**Student:** 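Below is the structure I would like to discuss, written out as structure tokens.
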Amino acid sequence: MPELPEVETIKNQLKEKIIGKKLDGRRIIDVRRRAKLLIIDFKDGSSLIFHLKLTGQLIFNGKETKFTRKIFNFGDGTKLFFNDARKFGWFKFVKSFKDDFGPEALQIRRRDFRSRLRKRSNSKIKPVLMDQKFIAGIGNIYSGEILFAAGVRPMRLVKSLKEQEIKKIFQNIKKILKAAIKHKGSSVEYYLDSHGKKGDYTKYHKVYQKQICQKCGTKINRIKLAGRSSHYCPRCQS
DNA sequence: CAATCGTCCTGCGGGC
DNA sequence: TGCCCGCAGGACGATT
């Protein structure tokens, strides 16, 4: 499912393809990502916003499939296909774009991260990392991988975290998201980049949907947190 | 403030 | 073989 690295990949690719083109008579001046949203900005200040949710795809000059929900036609004859098997994804046109997301995961500084955590001391760490108002861009896959890399179990209360653990979580937010972007994201379920290609990062997953820890071989534990499946290694994470 | 539950939707896999 | 059932999950609103 598209999280920050997947949307970032699509954004980077579309930037190259569609800036300067016209859509319904409006000139495209930028393509951005905010949290998990992909935003196409027009010269008149309006924007077209997409959320791909679980199974959405945005494919440039693709071809129509049974999951194609909308085809955007640019002034030069090129097209953008919005496909979505489960119809959770959406797009909308807005006169101006504003949001109330938290700081971007790749931009947040450690001081800010720590002070924000203090306000959530009675929450479990994994749902906090997935809270877009706390920090923007992280979903179920990457929160699980980040916590594995930090050696912290997903159900740990924030107030129980030691300074060193907070530091490791912070460092791995940056490290894992950057590595995933480098590999053009993770193709679980339906994710494809804007060229219709799969992301490579799936093969680097250590715990997400794994039976066995990819580091030590211990059987992975699976629990439900906030209605979402969470995977962790009882040996590598404490 | 925190946690849980229902809601949207449909492909897929398991069971019989 | 084919049908039915339940699961997966991002975000949001309602409830406890």
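Keep in mind it's a predicted model, so treat the numbers as computed, not measured. Within every chain, numbering begins at 1; the chains are lettered A, B, ... in the order of the sequence lines, protein sequences first and strands thereafter.
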**Student:** Which one, B:dC12, C:dG9, B:dA3, comes nearest to the side chain of A:Gln209?
**Tutor:** C:dG9
**Student:** Can you check the A:Asp131 CG to B:dA3 P distance for me, whole Å?
**Tutor:** 11 Å
**Student:** Going by atom types alone, do A:Asn73 and A:Lys79 pair a side-chain donor with an acceptor below 3.5 Å?
**Tutor:** yes
**Student:** All N/O contacts under 3.5 Å from nucleotides 11-14 of chain C to the protein, with atom names and distances to one decimal?
**Tutor:**
unit_1: C:dA11; atom_1: OP1; unit_2: A:His51; atom_2: NE2; d: 3.0
unit_1: C:dA11; atom_1: OP2; unit_2: A:Lys36; atom_2: NZ; d: 3.1
unit_1: C:dA11; atom_1: N6; unit_2: A:Arg228; atom_2: NH2; d: 3.0

**Student:** In whole angstrom, what separates A:Ile141's CD1 from C:dA8's P?
**Tutor:** 14 Å
**Student:** May I ask you to say what A:Thr55 touches in the nucleic acid, namely base, sugar-phosphate or nothing, with a heavy-atom cut-off under 4.0 Å?
**Tutor:** nothing
**Student:** Going by the side chain to side chain donor-acceptor pair (under 3.5 Å) test, name the single residue among A:Lys198, A:Lys184, A:Gln13 that passes it with A:Asp193.
**Tutor:** A:Gln13
**Student:** Axis-to-axis angle across the helix from B:dA2-C:dT16 to B:dC16-C:dG2, five pairs an end, to 10 degrees?
**Tutor:** 50°
**Student:** Between atom CG in A:Asp84 and atom C1' in B:dG11, what is the gap in whole Å?
**Tutor:** 12 Å
**Student:** Assign the ring pair A:His231 / A:Tyr208 to parallel, tilted or perpendicular, where the plane angle (0 to 90°) is split at 30° and 60°.
**Tutor:** perpendicular
**Student:** Can you tell me if A:Ser229 touches the phosphate of C:dG9, counting only side-chain N or O atoms and a distance under 4.0 Å to OP1 or OP2?
**Tutor:** yes
**Student:** Indicate the atoms forming the closest heavy-atom contact of A:Tyr191 with A:Gly199, along with that distance.
**Tutor:** CE2-N, 4.2 Å
**Student:** Give the rounded distance in Å between these two atoms: CE of A:Met155 and C1' of B:dT4.
**Tutor:** 17 Å
**Student:** Kindly point out which of B:dC9, B:dA2, C:dG10 is positioned nearest to the side chain of A:Lys87?
**Tutor:** B:dC9
**Student:** Kindly point out which of C:dA8, B:dA2, B:dT10 is positioned nearest to the side chain of A:Arg222?
**Tutor:** C:dA8
**Student:** To the nearest Å, how far apart are A:Phe88 CZ and B:dT10 P?
**Tutor:** 9 Å
**Student:** Just the rounded figure in Å: distance from C1' of B:dC1 to CZ of A:Arg118.
**Tutor:** 18 Å
**Student:** Consider the side chain of A:Met1, meaning its heavy atoms from C-beta on, and name the nucleotide among C:dG10, B:dA2, B:dG11 that approaches it most closely.
**Tutor:** C:dG10
**Student:** Hey, is the side chain of A:Tyr142 poking within less than 4.0 Å of OP1 or OP2 on C:dG10, counting only N and O atoms?
**Tutor:** no
**Student:** Near A:Arg235 CZ, under 6.0 Å, is it more than 12 heavy atoms from other residues, nucleotides or ligands?
**Tutor:** no
**Student:** Any side-chain N or O of A:Asn122 under 4.0 Å from OP1/OP2 of B:dA2?
**Tutor:** no
**Student:** Contact class for A:Lys66 (heavy atom, under 4.0 Å): base, sugar-phosphate, or nothing?
**Tutor:** nothing
**Student:** Taking atom P of B:dC9 as reference, at what distance in whole Å does atom CH2 of A:Trp90 sit?
**Tutor:** 16 Å
**Student:** Considering heavy-atom distances to DNA chain B, does A:Phe67 or A:Leu225 have its closest nucleotide positioned more toward the 5' end?
**Tutor:** A:Leu225
**Student:** Assess, by modelled atom type and distance only, whether the side chains of A:Lys21 and A:Thr78 contain a donor and an acceptor separated by less than 3.5 Å.
**Tutor:** yes
**Student:** Decide if atom NZ of A:Lys17 counts as having more than 12 heavy atoms of other residues, nucleotides or ligands within a radius under 6.0 Å.
**Tutor:** no
**Student:** Can you label the angle between the A:Phe91 ring and the A:Phe50 ring as parallel, tilted or perpendicular, going by 30° and 60°?
**Tutor:** tilted
**Student:** So which of A:Lys70, A:Lys66, A:Gln57 actually passes side chain to side chain donor-acceptor pair (under 3.5 Å) with A:Asn83?
**Tutor:** A:Gln57
**Student:** Name the orientation class of the two ring planes belonging to A:Tyr142 and A:His205 (parallel below 30°, tilted from 30 to 60°, perpendicular beyond 60°).
**Tutor:** perpendicular
**Student:** Under 4.0 Å: is that the gap between some side-chain N or O of A:Arg86 and OP1 or OP2 of C:dA8?
**Tutor:** no
**Student:** Measure the distance from CZ on A:Arg34 to C1' on C:dG10 and round it to the nearest whole Å.
**Tutor:** 16 Å
